[in-house]
Amino acid sequence: MLLKIFDSRRLPVTLLILFYLATYILPLGSRQMIRPDEFRYAEIPREMLASGNWITPKLVDVRYFEKPALGYQLTALSFKYFGENAFALRLPSALAVGITALLLFGLLKTNSSDPRLPVLATGIYLLCGLVYGVGTFAVLDSQLTAALTLTIGFFYFAWSARTRMATVAWLAAAGAATGAAFLLKGLLAFAVPTVVIVPFLLWQKEWKKIFVYPWLPFAAALLVALPWALAIHHQEPDFWRYFIEEEHFNRFTGNTYDRDPEPFWYFIPVLLGGMLPAGLYCAAAWMGWKRELFRRPLYRFLLCWAVLPFLLFSASSCKLGTYILPCFPPLAALIAAGTLEAFRLRPGSARKILDITFKSLGLLLAALAVIATVGLIVWRFIPALPELYGKWNLFPYLTLLALLAWGVALIRSRRWTAPVQSAVFLFGMAPAIVFGLNAVPDIALGDKATAVGIRQCLEEIPVRRGDIILVDRGTLQATAWLLKRTDLVLIGKPGELQYGLNNYPEYASRWYKEEETDKLLAASHPGSRLFITLRNLKKKPLPPDWAAEQVVTRNGISVIRF
């Protein structure tokens, strides 16, 4: 019975599809947009649509050369067909996770004789916390992961193909995916596949292919990337100098305007935490990671894919937790393979370990659900505490009920067959995710939900025709997105607009250092200046000569008319 985990051909795949649709797609518009990333990745595509210029990325009409244009173009297309809203903004990231999961499933199904492996690996991948968090958030890391997964996966299809024509076709497809990855984030499109493929071919003692395989993919990548690369060079001749120098060399060495260098081990806790809850399968998987497993080419390839990009990203001084996302598809496959191998070699021990693991998780979830429910009830009866929800909001209670039900099911799962136990673990949290995303109160997000505070403030101090809108770096993107205006004037540090504001004289009137703001005030009419800021006015009051007429603060956002 233990060897029949995920042995059914239809039901597990159906559960995977339903889980993906219910947790990744349907709730995308359920929560507020979060600063700064989501407003940035919303505003740049919005301006592309409004201006009709799909070549040069601009933020509040200022040149923004941090990344190539493909990621913004995909979001602009989503806006065009689904409207300018949170759902359309996050949809490209969620679809990218689906593409990655589909490739992972196909790779394992084609190259493994065990029908359980692709389902279990894909389920583990979709249930990794970092994969879910980034895949339902508006950043470009999920899109890059999808493009790199296609590149690396298509290479393996080419390497294992039985005919020359199939090899050529898969290599061309890998090159096209590389071109797409380049248009998303630049030279990582070449670096990550290289550190996977070259060591794998050396391990397989096929070093001659290192000099044969790259040419066709490189040509295909050029065909995909060259049209936009030439177009941006024609419109903005300085793009490539800045992009290579600042966004590649300086970021790799840590010499950037916005981030301090991080230690080599930075990604280790990110990886361990990002695998949860699916990473709990490691409790049994380690017993199956034997030398015999890595004598098979597929698992050698997966090991190179999981470990070597992780080391590459760790060598960089500039680090963000989302950077290691491309390591998760092969990691999920290795965890699944190790688990299945452990059940084959030591079924009793493997089942006992998972029983203990799932029961412990169930007890923790049940306890947290009960404590949180009591806390919510007590909170409502303490007048001094701020109100979290409206009177009829049932989502927090439904969320806690779903967590409690999942916890109880895990506690009892040792009585069930292994397929049912695994299905409960992998898919039982779907209701909690769906309800939970609707249960996050605005107060919990604070000033991160910048648009909420801005809307509330502007209800009391509305924008008038002819107003000059002043912003700081914390409210810049959200204000532009909310007001659909690109004529904002930035006060204080330029932040991510530093390159554009410093290098193009036409933006001189769009940015004032705080000590220079009096020049703007003297040149404009009193009462026509509206300052939208994240500034803590209690800790850092406005200069007395700014002569504020009205001040409103909501959710950490202040709007000042002077």
Side-chain angles (χ1 to χ4, degrees), residues 3 5-6 100-122 124-125 145-175 177-178 190-218 281-282 285-312 326-345:
L3 293 179
I5 298 177
F6 291 103
T100 303
L102 186 62
L103 187 282
L104 179 64
F105 185 93
L107 178 68
L108 298 178
K109 184 175 179 62
T110 305
N111 294 281
S112 172
S113 59
D114 191 338
R116 303 163 297 176
L117 179 60
V119 176
L120 182 57
T122 306
I124 289 173
Y125 175 71
T145 297
L148 291 175
T149 301
L150 291 175
T151 298
I152 297 170
F154 288 163
F155 164 79
Y156 191 84
F157 283 131
W159 176 83
S160 60
R162 297 182 179 181
T163 67
R164 184 179 182 86
M165 184 173 294
T167 299
V168 169
W170 284 118
L171 287 176
T178 303
F190 298 97
V192 173
T194 298
V195 300
V196 174
I197 293 169
V198 171
F200 170 71
L201 291 176
L202 291 175
W203 197 352
Q204 290 296 114
K205 299 179 181 179
E206 299 180 25
W207 61 268
K208 292 182 180 179
K209 292 182 178 179
I210 296 173
F211 303 99
V212 175
Y213 275 180
W215 303 109
L216 179 57
F218 184 72
Y281 269 107
C282 287
W286 67 270
M287 294 189 295
W289 290 332
K290 305 294 184 181
R291 181 180 299 180
E292 291 76 14
L293 185 69
F294 296 104
R295 287 177 179 169
R296 308 172 199 174
L298 175 63
Y299 299 117
R300 289 182 174 183
F301 184 73
L302 292 171
L303 186 63
C304 291
W305 186 357
V307 173
L308 298 175
F310 183 86
L311 296 177
L312 173 67
C327 303
F328 276 73
L331 184 62
L334 289 172
I335 293 173
T339 301
L340 294 173
E341 191 73 1
F343 271 101
R344 186 180 71 84
L345 297 173

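One-based numbering along the sequence shown.
Put simply, the side chain of L120 reaches to within 4.5 Å of the side chain of Y281, judged on heavy atoms. The closest side-chain heavy-atom distance from W170 to Y156 is not below 4.5 Å. The shortest side-chain heavy-atom distance between V119 and L108 does not fall under the 4.5 Å cut-off. Here the side chains of L303 and F294 are in contact, with some heavy-atom distance below 4.5 Å. With a 4.5 Å cut-off on side-chain heavy atoms, W159 and I197 do not count as touching.
A distance of 8.5 Å separates CE in M287 from OG1 in T339, rounded to the nearest 0.5 Å. Between L148 atom CG and F190 atom CZ the span is 11.0 Å, to the nearest 0.5 Å. Summarising the geometry, atom CZ belonging to F200 is positioned 8.5 Å from atom NZ belonging to K209; distances are rounded to the nearest 0.5 Å. To the nearest 0.5 Å, the span separating CG on L345 from CG on L293 amounts to 9.5 Å. The CZ atom of R116 sits 9.5 Å away from the CZ atom of F343 when rounded to the nearest 0.5 Å. Once rounded to the nearest 0.5 Å, the distance linking CG of L334 with CG of L302 reads 5.0 Å.
With a 6.0 Å radius and a threshold of 12 heavy atoms from other residues, nucleotides or ligands, F218 has its CZ atom at or below the threshold.
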* **Residue pair L104, T149: steps toward the side-chain contact (heavy atoms from CB on, under 4.5 Å) verdict** => CA-CA 8 Å; L104 179 64; T149 301; 5.6 Å; no
* To do: Take W215 and L171, measure what side-chain contact (heavy atoms from CB on, under 4.5 Å) needs, and give me the verdict at the end.
  => CA-CA 9 Å; W215 303 109; L171 287 176; over 6 Å; no
* Evaluation steps, side-chain contact (heavy atoms from CB on, under 4.5 Å), between L331 and Y125 -> CA-CA 8 Å; L331 184 62; Y125 175 71; over 6 Å; no
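Remark: the backbone N or O of T178 is paired with a side-chain donor or acceptor of T151 at under 3.5 angstrom. Side chain of W305 to main chain of P329: no donor-acceptor pair is present (N/O by atom type, distance under 3.5 Å, no hydrogens or angles).
Pairing each heavy atom of F310 with each of C327, the nearest pair is N-SG, 3.5 Å. When every heavy atom of L308 is checked against every heavy atom of V195, the shortest pair comes out as CD1-O, 3.0 Å. The shortest heavy-atom contact between R300 and Q204 is NH1-OE1, 3.0 Å. Nearest heavy-atom pair, C304 versus W203, reported as atom, atom and distance to 0.1 Å: SG-CE3, 3.8 Å. Contact record, A121 with A332: O-CB, 3.5 Å, taken as the closest heavy-atom pair. Looking at every heavy atom in both residues, W289 comes nearest to I335 through CZ2-CA, 3.9 Å.
Using a cutoff of 4.0 Å between basic side-chain nitrogens and carboxylate oxygens, R344 and E292 are not scored as salt-bridged.
Taking the six-membered ring where tryptophan is involved, the planes of W207 and F211 are perpendicular, since the angle between them exceeds 60° and thus also 30°.
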